[in-house]
Structure formats: structure tokens, C-alpha cells
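Heads up: the structure comes next, in C-alpha cells.
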Amino acid sequence: MLQNAEKKIPIVIGVSGHRRLRAGDLPALRVSVREKLSALQNEYPHSPLVMLCSLAEGADLLCADASEELGIPLLAALPLPLEEYEKDFSPEGVRCLEKHCARAEQVFVTPRSEEMPAQRDFRNHAYRQAGIYVSSHCHILLALWDGRPGEYGCGTAEAVGFALEGVCGPENGLPVRHAGNTLVWHVITPRGEDESAAAGEVRVLGDRQAVQEILKYTEEFNRLAEKTPQAEQELLPDPDPGDPILGRMLGVYGAASTLTGKNARQYRLTLAALAVASALIAMAFLLYDEAEAIGLILVIGLLLLLSWLLQRLAGRSDCLRRYIEYRVLAECLRVGIYLRHAGSGIRVENLLSWTQQTETAWVLDALCALRAGCPPEREHEIRTCWVEQQRAYHRAGEEKTRREDRFSSRVVGAALRLSVLLYLLALLFELFCGGVLTTPLLPAENAEGWRTLLKIALGSISAMTLFVANYYGRLSLPRVLSDHGKMERFFARMSEKLLEEGQTDALLTTLAREELIENGNWCSYQRDNTPEISLS
């Protein structure tokens with residue numbers, strides 16, 4: 001199923017729960033879990049659901065059964081190697097564990113994100129790391145829990161804490177998942193003789209509205225991705241066909257890149273149309289005023305109406321937001337693809353700034369979801385395909401932007417020179433033929449007509465300048481040109497460093513972080529360039 005939907009971002013449901021469930025509670029728990037999963041399938045029909053589960057005996061296996069019944073793929077994130085893990089199961093539990101491992105899309109031992117304290121039991125530490133992994137790679141955590149604190153620092157209470165508060169200490173960076181981008185479905189699961197709450201009652205923990213928005217944008221991307229053609233992959237010279245995560249990341253990258261280009265073209269077309277409309281309106285007002293072309297008042301009204309409709313269309317299509325956010329997704333995925341190709345376990349989401357994490361929270365969740373699964377197994381050289389390729393991209397981008405900026409500057413310069421020339425002609429006209437002097441030296445017939453023509457000519461230059469300001473000005477060409485130049489020099493330096501030092505985690509982290517910072521800078525000035533009519 002994942003292979004058929006590799007252009008889409010999966011909505012990942014993490015699972016954590018008690019091992020020993022009361023027999024009388026099982027029917028109610030099964031109904032609650034199935035209802036929540038079915039509702040999610042119905043609400044987000046374009047988004048594939050995936051369950052991320054450690055398959056512990058009890059609640060985990062109950063949820064895995066529900067995912068099998070509903071046709072939801074399973075990722076088995078085990079805390080220990082299977083042979084060792086089975087020692088914690090009853091004979092019936094072992095049979096269920098092996099059944100679900102056999103049907104799982106991937107079975108893997110979760111990597112450690114914390115160093116093990118000297119006083120902690122190895123087994124409990126492994127279970128704690130699995131809880132951190134599941135909580136940090138899911139959109140929604142399904143927690144079958146009684147709501148009480150845990151005893152060993154590695155149970156469901158801790159998994160809920162990882163999801164909502166980031167209460168863990170990763171070796172690198174800070175936890176990026178919290179109540180603002182992760183939801184917990186707390187399915188009441190009493191233990192012992194507790195009768196204070198009905199088993200199966202569901203409570204929602206976290207920022208429901210924020211996560212609903214994340215899922216809405218994820219569903220929107222997946223719906224649009226369905227309509228995009230399968231993109232040719234040119235990022236990697238030899239992508240590993242046995243790496244399903246890399247294949248999924250490449251598929252989503254291709255869709256994001258295609259949708260970025262589509263929305264960029266729509267955005268630029270809207271900018272150009274509004275810039276032309278602004279110039280025409282200014283020119284029409286001038287002719288209406290100076291040439292007394294009364295009929296132009298209707299043309300002005302029509303142009304204003306068309307401009308308003310264009311703005312509304314741009315707003316409804318949301319092309320600027322999609323252009324920015326799909327490019328953010330594509331750029332983050334590209335960096336993540338190169339890191340995985342290099343065999344690195346560095347997490348792109350941990351390198352995002354706080355601003356990037358909060359402005360595009362759905363992209364952050366997408367990165368976490370897409371990376372859920374087996375860690376990379378092979379290392380590849382990335383200097384050529386990443387560093388040199390990006391250096392060439394920025395060199396070409398710098399040349400293209402310089403041409404656009406040069407054209408814009410030439411138009412503005414020509415407009416300035418024409419304005420000065422027309423001003424001098426107007427001054428000479430008024431000195432010799434107009435009314436500046438008491439008696440014109442060269443009296444002209446129809447002086448007022450000539451004066452009107454000069455005013456219209458000057459106004460035309462202003463209208464041309466207005467077009468340039470409304471179109472090229474909103475493309476932020478000087479900033480883009482500067483960014484391309486800086487990044488070309490950066491990649492040239494990194495190419496040298498990789499030859500000297502090799503593919504160290506320090507160099508890979510620097511590469512990834514600088515690319516993400518540059519993309520964040522691009523977003524910061526693009527967000528201000530909303531398509532709108534401007535007459536000043």
C-alpha cells in the first residue's frame with residue numbers, strides 16, 4: 001500500500017498502552033479504537049493511514065488487530081531484537097507478535113535518542129526509547145492508558161509526555177514534538193479494580209485545532225499530489241531500490257516540487273496581471289483627467305473589477321501560501337534525502353528553526369512521518385550529487401536572477417532618463433511657448449493641447465515604472481540574487497571540506513542547517529509579497 005501511495009504523506013497513528021488489559025474491557029476498547037481509526041479514514045480519504053506500533057502484548061496488539069481489520073499498514077518499531085523481545089510475551093502473545101511482524105511493511109529496532117544513564121535498567125531504557133520514537137514520528141498518539149503516572153520511566157504515561165511536552169533528552173538538539181503539533185487520543189483503560197471511569201471513553205489531549213489544521217493541509221497536499229504526474233528523479237545517481245523510506249521521500253519530493261512549480265507560475269502570472277492592471281488604471285485615469293476622455297471612466301471601472309476578481313482568485317487558490325509551503329516541504333525533503341543517501345541518522349526536523357517549525361507545522365509533521373521506519377543501512381558519497389549539484393544550481397540561479405534584475409534596472413533607468421528628457425521638454429515648452437514668462441517668446445497654437453500631450457507622456461512613464469515596481473519589485477530580485485551568490489560560495493567551500501575531511505556528521509549537519517536557513521530566509525521575504533492591486 002505504501003508503494004502505491006508513495007507520492008503522498010502518510011498520517012501516522014502511534015500506539016502506546018498497558019500490557020495487561022482486563023478481559024471485560026476488551027470489547028469496549030476494540031470498539032473505541034476501531035471507531036477512531038475509521039473516522040480518520042473517512043475524514044481524510046486522500047491520505048494513507050499508517051500505524052506505528054511496538055507490538056507489545058496487550059494494548060499494542062489490540063490496536064494492531066484493529067489496523068489489520070481496517071486495512072491500515074503497520075510499521076513495527078520494536079524496542080529490542082525480535083528474539084530478545086519475545087521473552088517478554090506469553091505463548092499466545094508471541095504468536096500474535098509474529099503474525100503482525102509478518103504482515104508489517106517494516107520491522108526494525110528503534111534507534112536510541114538518549115544516552116542510557118548508569119542507574120537505568122537496559123530493558124526499561126530500550127522500552128523508553130521505543131516510546132520516544134513512536135511519539136516523535138506520529139501525527140496522533142493512540143494511548144490506551146488509565147491516566148496515572150508510570151513507575152519505571154518507560155511506560156504509556158511517559159509516551160504521552162514525550163508527545164505533548166517533549167519530556168526527553170535527545171543527544172542532539174531539542175524535542176520538536178509537543179502539544180501544538182501532536183494529538184493524543186487517550187482511550188480510558190482502567191487497571192486492577194479501578195472503576196472510576198468507563199473503559200473505552202476517549203479524551204483528546206493537545207491542541208486539537210492546531211493538529212486539525214496540520215491534517216487539513218496534509219490532506220490538501222495529498223489530494224493535489226494525486227493529480228501530479230510521476231516526476232523523474234534526478235537527485236540521486238543510484239537510489240537504493242531496497243530502501244522504502246528513501247523511495248517514499250523521493251516520491252513526495254517529486255510531487256512537492258511539481259506543485260511548487262505549478263503554484264509559482266500561477267503566482268507570477270497573477271502578479272504580472274495585477275501589475276499590468278495597475279499600470280493601465282493609472283494610464284486610464286490620466287487620460288480621463290487630462291485628455292477628457294469621458295468614456296474611459298467605464299474602462300477604469302472594468303479594470304478595477306477585473307483587478308478585484310484577480311485578487312479574489314489568487315486568495316481562493318492560495319497560490320502564494322502553497323508556493324511557499326510546498327517549496328519548504330520539497331527543500332526539507334531534498335536535504336533529508338541526501339542525508340539518508342549518505343547513511344546519516346541526522347534528523348532534518350531537529351535542524352529547523354523555531355520559526356520554521358511553527359510557521360509550517362504540517363511540514364514538520366510530514367518530515368517526522370515520512371522518516372518512520374528502518375534507519376539507513378548504506379552509505380553513499382554525496383559531494384557530487386548534493387554539494388556540486390547545488391553549487392551548479394545556485395550558479396545558474398544567480399545568472400538567471402541577474403538577468404531579470406538587470407532588465408528591471410534597465411527599465412527603471414530608461415524610465416528615469418525619459419522622465420528627465422520629458423521634463424526638460426516641458427520646461428522649455430513652458431519657458432518659450434507657455435505661460436512661465438509674461439509674454440511667450442514663441443507663441444504656439446493650441447498650447448493647451450501640447451501641454452496635455454506632455455502630461456500624458458510623463459504619466460505613461462510613471463505607469464511603466466508602476467508596472468516594474470508591482471511585478472519585479474515583488475519578486476525580491478536583489479535578495480534572491482544575494483542568496484544565490486552566498487550559497488554558491490558556501491557550496492564551493494563545503495566541496496573542499498568534504499574532500500579534505502570526508503563525510504563527517506559535523507560537515508553534514510552544517511550542510512543541512514545552512515540550506516534550511518537559506519530556505520527560511522527566502523520564506524521570510526516571500527510571505528510579504530502578496531498579490532494585490534497597487535496604484536502607488
Side-chain angles (χ1 to χ4, degrees), residues 1-6 8-19 21 26 29-30 32-41 44 47-83 85-86 88-89 92-111 127 129-144 156 159 163 182-185 187 218 222 242-249 251 365-366 368-375:
M1 182 173 178
L2 288 179
Q3 287 79 2
N4 296 332
E6 64 180 10
K8 296 183 178 183
I9 300 164
I11 294 177
V12 177
I13 312 301
V15 174
S16 184
H18 299 322
R19 292 193 191 185
L21 306 178
L26 294 178
L29 294 175
R30 290 191 182 105
S32 293
V33 169
R34 279 183 57 90
E35 285 182 349
K36 296 304 290 183
L37 294 176
S38 295
L40 204 60
Q41 285 179 316
Y44 304 103
S47 301
L49 264 57
V50 175
M51 180 170 284
L52 180 62
C53 182
S54 293
L55 298 178
E57 194 159 13
D60 281 19
L61 289 177
L62 182 148
C63 292
D65 288 340
S67 76
E68 184 177 21
E69 293 168 10
L70 295 171
I72 298 173
L74 176 68
L75 299 176
L78 308 183
L80 298 163
L82 185 59
E83 303 78 17
Y85 192 33
E86 288 179 342
D88 295 339
F89 287 72
E92 177 62 25
V94 169
R95 285 192 289 273
C96 291
L97 170 65
E98 291 178 344
K99 179 191 76 169
H100 285 299
C101 283
R103 79 171 184 89
E105 295 280 348
Q106 295 181 54
V107 180
F108 60 98
V109 177
T110 55
Y127 279 104
Q129 301 314 299
I132 292 172
Y133 188 91
V134 170
S135 300
S136 61
H137 286 80
C138 66
H139 289 88
I140 299 172
L141 180 67
L142 189 56
L144 281 69
T156 303
T182 311
L183 207 62
V184 173
W185 284 340
V187 182
T218 303
N222 289 335
D243 187 341
I245 293 180
L246 188 59
R248 188 166 60 197
M249 292 172 73
D365 279 23
C368 295
L370 287 165
R371 291 184 69 258
C374 301

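Computed from heavy atoms alone, side chains included, the values below leave out hydrogens, waters and symmetry copies. On a predicted model such as this, the values are computed, not experimentally measured, just so you know.
- Across every non-hydrogen atom of V184 and A143, the tightest pair is CG1-CB, 4.0 Å.
- For the pair R248 and K8, the minimum side-chain heavy-atom distance is 4.5 Å or more.
- Every residue two or more places apart in sequence or in another chain was checked for a salt bridge (Lys or Arg N to Asp or Glu O under 4.0 Å) with E86, and none qualifies.
- Between I140 and L40, the closest side-chain pair of non-hydrogen atoms falls below 4.5 Å.
- With sequence neighbours excluded, the residues forming a side chain to side chain donor-acceptor pair (under 3.5 Å) with E69 are R34, listed by chain and number.
- Under the salt bridge (charged side-chain N to carboxylate O under 4.0 Å, His left out) criterion, no residue pair touches residues 52-62, with sequence neighbours excluded.
- Between the CG atom of L97 and the CD atom of E92 there is a distance of 11.5 Å, given to the nearest 0.5 Å.
- Nearest heavy atom pair, residue L21 against residue A59, reads CD1-N, 3.7 Å.
- A donor-acceptor pair is defined here as one N or O able to donate and one able to accept, closer than 3.5 Å; such a pair exists between the side chain of S136 and the backbone of Y133.
- Listed here is the closest heavy atom pair of P73 and G71: CD-O, 3.6 Å.
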>> Run C63 and L142 through side-chain contact (heavy atoms from CB on, under 4.5 Å) and show every step you take.
In response: CA-CA 9 Å; C63 292; L142 189 56; 3.8 Å; yes
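- Contact of the T110 side chain with the L78 side chain is not registered, since no non-hydrogen atoms from C-beta on lie closer than 4.5 Å.
- Here the CD1 atom belonging to I9 is positioned 11.5 Å from the CE atom belonging to M249, to the nearest 0.5 angstrom.
- In this structure, the separation between CD1 on I132 and NE2 on H137 is 11.5 Å, given to the nearest 0.5 Å.
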>> Let's go through W185 and L144 carefully: what are the C-alpha distance in whole Å and the side-chain angles of both, what is the deciding distance for side-chain contact (heavy atoms from CB on, under 4.5 Å) to 0.1 Å, and is it a yes or a no?
In response: CA-CA 8 Å; W185 284 340; L144 281 69; over 6 Å; no
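- Considering only heavy atoms from C-beta on, P79 stays 4.5 Å or farther from V109 through its side chain.
- Of all non-hydrogen atoms in Y85 and L80, the two that sit nearest each other are CB-O, 3.9 Å.
- The heavy-atom pair separating A372 from L75 by the smallest distance is O-CD1, 3.6 Å.
- In this structure, the side chain of S54 engages the main chain of A77 through a donor-acceptor pair within 3.5 Å.
- When only modelled atom types and interatomic distance are considered, T156 and S16 share a side-chain donor-acceptor pair under 3.5 Å.
- Contact check for H100 versus L61: side-chain heavy atoms found under the 4.5 Å cut-off.
- Between the OH atom in Y44 and the CG atom in N222 there is a gap of 12.0 Å [rounded to 0.5 Å].
- Side chain of Q41 to backbone of L70: a donor-acceptor contact under 3.5 angstrom is found.
- You'll find the side chain of I13 stays beyond 4.5 Å of the side chain of C138, heavy atoms only.
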>> Using the rule given for side-chain contact (heavy atoms from CB on, under 4.5 Å), can you reason through V33 versus V15, listing the C-alpha separation, both sets of side-chain angles and the distance that settles it, and then say yes or no?
In response: CA-CA 11 Å; V33 169; V15 174; over 6 Å; no
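- No donor-acceptor pair under 3.5 Å is formed between the side chain of H139 and the backbone N or O of I11.
- For the pair P244/Q106, a side-chain contact is recorded, criterion being any heavy-atom separation below 4.5 Å from C-beta on.
- Here the side chains of L26 and L62 are in contact, with some heavy-atom distance below 4.5 Å.
- Put simply, SG on C96 and CG on L55 are 10.0 Å apart, with the number rounded to the nearest 0.5 Å.
- Across all their heavy atoms, E6 and G247 have their closest contact at OE1-O, 3.8 Å.
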>> Run T182 and S135 through side-chain contact (heavy atoms from CB on, under 4.5 Å) and show every step you take.
In response: CA-CA 8 Å; T182 311; S135 300; over 6 Å; no
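- Interatomic distance, L52 CG to L141 CG, rounded to the nearest 0.5 Å: 9.5 Å.
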